[in-house]
Amino acid sequence: MPDTDRETRSAEDAIIEGRRAKAARIRARGENPFANDVQRHGAVEAVGDLRRSVASAERGGKFSPEAVEEIARGRTVHVCGRVVALRSAGGLSFVRIRDRSGEVQLMLDQATLGDRYERLAEVDVGDVVEATGRLTASKRGELSVACTEIRVLTKAFRPLPEKWHGLTDVELRYRQRYVDLIANPPVADVFRARSHVVRATREILEQHGFLEVETPTMHTLIGGATARPFVTHHNTLDMRLFMRIAPELYLKRLVVGGLERVYEIGRCYRNEGISTRHNPEFTMLEFYQAYATYEHLMNFTEVLLRGIDAKLAEAMPEPHAQWKEARPFTLDQPFARVPMERAVAIAAERTAIPEWVAAAQDGGRAVVEVLRADFGERIKDWARSSPRAKKLDWGNLRKGLAKCENEGERLFACYEYLAEPFLGDDYRTDDGARSVPVFIKDYPFEVSPLARRNDARPELTDRFELFVHGRELCNAFSELNDPDDQADRFRAQAEKKARGDEEAMDYDEDYIRALEYGMPPAAGFGMGIDRLVMTLTHSASIRDVILFPLLRPETGQAVR
RNA sequence: GGGCCGAUAGCUCAGUCGGUAGAGCUGCGGACUUUUAAUCCGUAGGUCCCGGGUUCGAGUCCCGGUCGGCCCA
């Protein structure tokens, strides 16, 4: 029962109709409202280059018309961009356009343009225009192109969001990122920063002799991390495939193969919840270096992060200065290095719970022993001992400990609930103003199925994670290259899986075979690029650094 | 998965005790030859997220749902 008569015309429809009518007028004159013959005027100049070309005429952000014109010497400039503001003062109009490099004002004078001045009525905010003219400045010191020509290159049918507030509806921002990027310029800066971060990462790794490689993203087994995978299917081979959760095992095969220093920056997929720190697909950097240990990699991590930040600062000085100021942490001083047992002991002391403080004198393991016994009634006193104790997530600490199957998992659980939430508070600069990144190192082997055991204390592994202001950023270790030990660890994982652990790894026979050919001693490193960009640009959500984050599909939207 | 919060014009937001749906920006018409969120005059624009309930009457109260945000897992 179609009911077309009931069709209502919304305000937006009316605007779109008006803009289509303007496009029709342009067509009626014999011009194309979707023209693609820009180059007939010669090369288009980036407005950022124009601005730089007359930089010496600038004083305190303002340009003097005489100084600009003297430098420009009447040369005709040719610019293209999107109209972001439109103001008319009668016979003189101002059009602000933006291209990838910045913004510039166009001045349109009725006396100069004559009849063509009226065509300005066909231009709306949001249109893409082309203009030619000579470089000058307005009386108020705004760098401007005094136009001899302007035309619509691309007519925008839909109106942009409100000019002052921009687009703030978070859902719309993610669903229509193209609008977000136009309406909210700082958003575009974050994605420019992301590109610089990835490039800087490549440059630094190349400098250190690493080879970039690409390994499969569709795996037949689950490995390299503990996470639930996405499952897919290959028709011809009638084979189940998993989207990779990590590239680790393939990269280490390449170390066996003699490439010695390899890295990959690529998409990984984890079939888990969505949060401000998790998107189902994300970008991971992993690198592997033969003849290095996790101690080397701690040093290199500091070099890498400072190097990336320095290159970002060089590429985007103004936004970087703002981000750096807003950061609650600093990269400028040596990162803290704390064994996990020590981190637990320190955290226990800070709770001021007498039993815990006493146990902490004998180290983190002793604290774990105290917690191993049932909390019983003591939990009431414990939880009230201090402001720090009140902040502990007691319910999950208890639940987490109950699930543990061994000493290593218990130490890790204690670390996770006692120490990790406070890393940003506990490791600070001398003046206390900012947090200092901290390497937590020497993880129990039971929670590190691919890491090499410590020679002196085989119940620990040569592994670290880096936390920047409490946010996990990197995970690295000396690689386990003993095929028999690795086979044992895989078996333990397979048993976990058989008991219903959906995040456990599969037994990878081919990987064991590779290790049996001999992998040189090596250390490997993983870092989430998304989280790194969040950290450096002081973004609150991973969705602010992923152009098109996963969202539920739109519902109830009629096809337009 | 749980808790809290939100959804009203294209955008940003008000909407009192349940009683005719509001503003600014945008749009449209007009004035203005140096604007900078231009200004001034006029004018148009609504599936109040969806479904149900209570009521003489629901944007408002109740129930269910959808989508989103934040926090926790």
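The sequence lines fix the lettering, A, B, ..., with proteins before strands; numbering per chain opens at 1. Values below: all heavy atoms of this structure, side chains included; hydrogens, waters and symmetry mates excluded.
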K.L.:
Strictly below 4.0 Å: does A:K163 bring a side-chain N or O up to OP1 or OP2 of B:C11?
P.N.:
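Result: no.
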K.L.:
State plainly whether the residues A:R96 and A:E103 are in salt-bridge range, i.e. N to O under 4.0 Å.
P.N.:
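Looking at A:E103 together with A:R96, the answer is yes, because their closest N to O distance falls below 4.0 Å.
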K.L.:
Any ion pair linking A:R410 and A:E407 (charged N to carboxylate O, less than 4.0 Å)?
P.N.:
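Result for this pair is yes, salt bridge flagged.
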K.L.:
Does A:K22 reach a base, just sugar-phosphate, or nothing at all? Heavy atoms under 4.0 Å.
P.N.:
sugar-phosphate
K.L.:
From the set B:C28, B:U34, B:A37, return the single nucleotide nearest to any side-chain atom of A:W164.
P.N.:
B:A37
K.L.:
Just how far, in rounded Å, is P of B:A7 from CG of A:L172?
P.N.:
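In whole Å, B:A7 P lies 14 Å from A:L172 CG.
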K.L.:
Output the single nucleotide from B:U34, B:U36, B:C11 whose closest atom is nearest the side chain of A:Q105.
P.N.:
B:U36
K.L.:
Between A:D393 and A:K399, is the closest basic N to carboxylate O distance under 4.0 Å?
P.N.:
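Looking at A:K399 and A:D393, the cut-off is not met.
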K.L.:
On RNA chain B, check which nucleotide each of A:K399 and A:A137 is closest to and give me the residue with the more 5' one.
P.N.:
A:A137
K.L.:
Under 4.0 Å between any heavy atoms, over every strand shown, what does A:S138 touch: base, sugar-phosphate, or nothing? Just pick one.
P.N.:
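Result for A:S138 = base.
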K.L.:
Does the ring center of A:F422 lie less than 6.0 Å from the ring center of A:F467?
P.N.:
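Ring centres of A:F467 and A:F422 not closer than 6.0 Å.
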K.L.:
Using atom P of each nucleotide, how far apart are B:U66 and B:C50 to the nearest Å?
P.N.:
15 Å
K.L.:
Out of B:U34, B:C67, B:U12, which has the shortest distance to the side chain of A:E162?
P.N.:
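Nearest nucleotide to the side chain: B:U12.
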K.L.:
Of the nucleotides B:G24, B:G68, B:A38, which has the atom closest to the A:L551 side chain?
P.N.:
B:G68
K.L.:
Where the side chain of A:P159 is concerned, which of B:G10, B:C70, B:C72 is the nearest nucleotide?
P.N.:
B:G10
K.L.:
Select base, sugar-phosphate, or nothing to describe what A:L167 touches, counting heavy atoms under 4.0 Å on all strands.
P.N.:
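Sugar-phosphate contact only.
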K.L.:
From the list B:U33, B:G68, B:C28, which nucleotide is the closest neighbour of the side chain of A:A111?
P.N.:
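Within the option list, the nearest is B:U33.
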K.L.:
Do the side-chain N or O atoms of A:T168 get closer than 4.0 angstrom to the phosphate oxygens (OP1, OP2) of B:C11?
P.N.:
no
K.L.:
Just compare B:A73, B:C32, B:U36 and give me whichever is closest to any side-chain atom of A:R87.
P.N.:
B:U36
K.L.:
Could you check whether A:R471 pairs with A:E420 (Lys NZ or Arg NE/NH1/NH2 to Asp/Glu carboxylate O, under 4.0 Å)?
P.N.:
no
K.L.:
Starting the side chain at C-beta, find the nucleotide from B:C32, B:C25, B:U36 nearest to A:E142.
P.N.:
B:U36
K.L.:
Considering only side-chain heavy atoms of A:E12, which listed nucleotide, B:C67, B:G10, B:U34, is closest?
P.N.:
B:G10
K.L.:
Taking atom C1' in both B:A23 and B:U43, what distance in whole Å separates the two?
P.N.:
16 Å
K.L.:
Return the nearest nucleotide to the side chain of A:S88; candidates are B:U12, B:C32, B:C28.
P.N.:
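My answer, after comparing the listed nucleotides, is B:C32.
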